[in-house]
Number of protein chains: 2
Amino acid sequence: MNRAVTLSEVAREAGVSPSTVSRILNGTARVNDTKARQVRLAIEKLGYTPNTFARSLATGASGSIGVLTPDIASPFYNDALSGIERGLMGSGYSPIIISGHWRTDEEEHAVALLLNRRVEGMIILGGQMPDHDLHALAARLPIGVLGRTIDLGAHGGASLAMDNRQSARDLVNYLIGRGHRVIGHISGPSDHADARERLDGYRDALEERGLRFDPTLVVQGDFQEPSGLIGMQRLLQSHSNMTAVFVANDQMAYGARLALYRLGLRVPDDMSLVGFDDLPGSSYTMPPLTSVRQPMGEMGQWLARYILSRLRGETIEPFEPRQELMLRESVASRRSR
Amino acid sequence: MNRAVTLSEVAREAGVSPSTVSRILNGTARVNDTKARQVRLAIEKLGYTPNTFARSLATGASGSIGVLTPDIASPFYNDALSGIERGLMGSGYSPIIISGHWRTDEEEHAVALLLNRRVEGMIILGGQMPDHDLHALAARLPIGVLGRTIDLGAHGGASLAMDNRQSARDLVNYLIGRGHRVIGHISGPSDHADARERLDGYRDALEERGLRFDPTLVVQGDFQEPSGLIGMQRLLQSHSNMTAVFVANDQMAYGARLALYRLGLRVPDDMSLVGFDDLPGSSYTMPPLTSVRQPMGEMGQWLARYILSRLRGETIEPFEPRQELMLRESVASRRSR
DNA sequence: CTGTTAGCGCATTCAG
DNA sequence: CTGAATGCGCTAACAG
C-alpha cells in the first residue's frame, strides 16, 4: 500500500489544524461550517481513509468483537454467524471471525489473535476449548458462548445452549408414539458433548416408555454424511425388524437416507427417519426430514446484543431459546402390535 | 477491557529496556540468553499480549487480508472462504471477512472498512460492486476476484471465473445426448450475470443441436429453493411433454425436486433433473443430483496464495479452474423418437 | 469554536 | 549486544 493519506495532510490541505479535522470526522464538537466544508473537500480530493489502528491506539477502543467458529463453512454454525452480523449491525462494532477447526490448539491460537487485536468482546460458537479457558476469558472481557452448557457466573458472560437431551427424548418419544418399537440410533462422536446428550435422550425416551435399550441398535458416526450412510447399512444388516432410526444430526441423516435409497427402501413407508439440527436443506429432502430446530440465528443475534449491552453497561432481557420439533414427512405411523 | 499489559511494563518487570523486549518478541536481533529468559518469564507472569494496533502503526503493516463475501452463510461461497483460510495459513497474514449481502452500498461500506483496517490485499467473492470500483481498488493494492470475469490488467490483480455459459451448454448437451428433446429451464435472476450466462448456455446447446428455443420452457427463479419449487410447478402445468429440466443452481433444483415428489413424479424415471454448483448436499439428494462443480475451495486457496505472492514480490504459477460435470443418477436415458 | 501539546504501545534508528 | 530517542496517525485534554 503506497503510503496512505494521513489526517494531518488533510488538515494542511484544508488549512486547519489536525484536531479540527478529527473533530469533524468524529462529530466530537461543533465546527465552523465553512471549515467543515473545506475539510470534506480535502478529504475527497486526497482520498483520505482514517487509520483504524491509530484511532484505536489513541482511544483505547478497537470497535471489534471477536467471533470464534469451529468451521467457517459449517452449515450449522453459519446461521449463528449471520445472526451475529445482524445483532452487531449499526452498532459501530464489527465482528472479526476466525475458525478453530475443532482443534484446541487452533482455538487457543485464534483467541490469542483476537486478544492481540484488542477485541472488546468475544463470542464462542461450540468448539473444544476447555471450560477453564472460557472462564479465564470471561474474567477479561464480556463473552458469549453458544452451544455449550457452562456457567459463566453473573458478570462473566452468557451462554446459550439447547437442551439436547430433552429434544432427543422428545423426538424419540414422538417415534414411539407413532407406534415404532425397534428404533435405531446413529450417534455422533462420543467425545462430543452434544452427541452424548442426544444419545442420553434416546435412552431416556426408551426407558421412559418401558422399551429396553439395546446397544446393538446404536452405531457411532462422526456427524458427516458418509458416516450416516455406513451407519444405516450396518443397522440394516443386524436389525431387520427395525422400523425407525434417530440420527444424531441432519448431515448424517442425509447419508442414512441415501443408504436406504440404494437398497430400495422407501422413507417413511419402509423406514422412518428423524434427524437433528434442521439444516436449511432438510425441508427439501425426499421426503422432507423430521428434525429438531435450534434457533441458531436468533441465538447469535441475541449474543451479539448481549455483548453490546455489557459494553454499554446496559442490561438486556434474557433469551430462552426454544427448540422446536419440525414434524415432516419422514416418519410413518405403524400399527402397534 | 481493564488496561492490558504493555511492553514497557514487561521491560520494567524484567529489568531491561523496551527495545530489548521488542527484539526478543520479533527476533529482530540476538539477545543475551539470560535476559531473554527473564523477559519470557515476565511476559508469562504479567500475561502480556502484544497490541496489534500499536505494532501495525509502528511497522506500517497490518498483516491482514480483507475478504468480501456476499453472504457469510452461503453454502456456495463458504468453500472459497475455507480455501482462503487454507491459503493464508502459516503465512502470518490473517483474513478479515465481511459480508456485503448482495447490496452495492453494503459492499462499498465493507470495502471502506477494510481499507480503514489497512488490509494489505483484498479478495472479492462475487458481489454486485461495479467493475469500475474493482479497478480502482486494484490500483491501490493486490486484489483477487472470484466469480466474475473482469480484466484487472497485468499488475492490478487476478480474477478467477468459471465459464458458466460453456458449462451450462455442456450440461444441456448431455441431456440432449441422453435423448431428451423437450427440456425446461429454471433460470436465476436476470440481473445476475451468472444466471444470464447459464441461460445463454442453455440456448446455445439447443440451437447447436437444432432444437428450437421455446421461451415458455423457461421460468425465472431467484436462486432460492422455494422459487425452484414454484418454477417446476409452472413448467409442469404448461408442458406435459417435457422430460428434463435444467435448473440454474442446485438450491433451486432441490425445490424443483420437491415439487416433483409432491406430484408423485419420479426422478429420473418421469423427469430428469440437473442443477448447477454441486453443493455438498447434492451427492446426497434423492437421487444424487447431476450438476457442475466449480472448485471453489481451490480457487479461494489460489487467490490467497496469489495475494501473498504479490505482497512478497514473487510470482505464482497461474491457475486454470476446471469445471467438472458431476454425472449422477438424476438423469435417465430416453429413446429418441 | 480552534490550535497546541501530549501521549496511546510499539519498532526502529542511533549511539554506545 | 543494549538502552535512549524518535515517530507511526490519531484523539483528548488544555488553553485560548
Side-chain angles (χ1 to χ4, degrees), chain A residues 1-40 42-43 46-64 92 112-113 115-120, chain B residues 1-40 42-43 46-64 92 112-113 115-120:
Chain A
M1 195 127 88
N2 25 354
R3 274 266 311 96
V5 184
T6 74
L7 183 145
S8 346
E9 300 180 61
V10 173
R12 200 175 318 132
E13 173 77 23
V16 300
S17 81
S19 17
T20 302
V21 178
S22 170
R23 286 193 262 263
I24 294 177
L25 247 36
N26 305 300
T28 316
R30 274 219 58 73
V31 171
N32 182 301
D33 275 7
T34 326
K35 294 198 173 175
R37 199 148 344 102
Q38 286 174 127
V39 168
R40 287 189 206 299
I43 289 179
L46 268 38
Y48 168 73
T49 354
N51 184 327
T52 310
F53 300 143
R55 172 177 295 176
S56 298
L57 191 57
T59 59
S62 67
S64 48
L113 209 97
L115 253 20
N116 291 350
R117 277 174 150 54
R118 293 298 185 269
V119 295
E120 297 177 45
Chain B
M1 193 126 88
N2 25 355
R3 276 265 312 97
V5 184
T6 72
L7 183 145
S8 347
E9 299 180 58
V10 172
R12 200 174 320 133
E13 173 77 24
V16 300
S17 80
S19 13
T20 302
V21 179
S22 170
R23 288 194 261 264
I24 294 177
L25 247 35
N26 304 298
T28 316
R30 273 218 59 73
V31 171
N32 182 304
D33 275 6
T34 325
K35 296 198 173 176
R37 198 150 344 102
Q38 286 176 126
V39 168
R40 286 189 206 300
I43 289 179
L46 266 38
Y48 168 73
T49 355
N51 184 325
T52 310
F53 301 143
R55 174 176 295 177
S56 297
L57 192 57
T59 59
S62 67
S64 50
L113 210 98
L115 252 20
N116 291 352
R117 275 174 155 49
R118 294 297 184 268
V119 295
E120 298 178 44

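Numbered from 1 within each chain, the chains take letters A, B, ... in sequence-line order.
Here the side chain of B:Thr59 pairs a donor or acceptor atom with the backbone of B:Arg55 at under 3.5 angstrom. A donor-acceptor pair is defined here as one N or O able to donate and one able to accept, closer than 3.5 Å; such a pair exists between the side chain of A:Asn51 and the backbone of A:Phe53.
Listed pair A:Lys35 / C:dC1 fails the phosphate criterion, with no side-chain N or O lying under 4.0 Å from OP1 or OP2. The phosphate of C:dT2 (OP1 or OP2) has no side-chain N or O of A:Ser17 nearer than 4.0 angstrom.
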(request) Would you mind building the protein contact string for nucleotides 10-16 of chain D? One character per nucleotide, 5' to 3', B for base within reach (heavy atoms under 4.0 Å), S for sugar-phosphate only, - for untouched. (result) BSBB---

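Between B:Thr49 and A:Arg118 the shortest side-chain heavy-atom distance falls below 4.5 Å. Counting heavy atoms from C-beta on, the side chains of B:Leu7 and B:Leu25 come closer than 4.5 Å. Between B:Val21 and B:Val16 there is a side-chain heavy-atom pair separated by less than 4.5 Å.
Nearest heavy-atom pair, A:Ala61 versus A:Ser56, reported as atom, atom and distance to 0.1 Å: O-OG, 3.3 Å.
Computed from coordinates, the A:Arg117 CZ to C:dG9 C1' distance equals 16 Å when rounded to whole Å. Nucleotide D:dG7 holds its P atom 17 Å from the CG atom of A:Leu57, rounded to whole Å. Between B:Phe53 atom CZ and D:dG9 atom C1' the separation is 14 Å, expressed in whole Å. Distance, B:Ile24 CD1 to D:dT2 P: 8 Å, rounded to whole Å.
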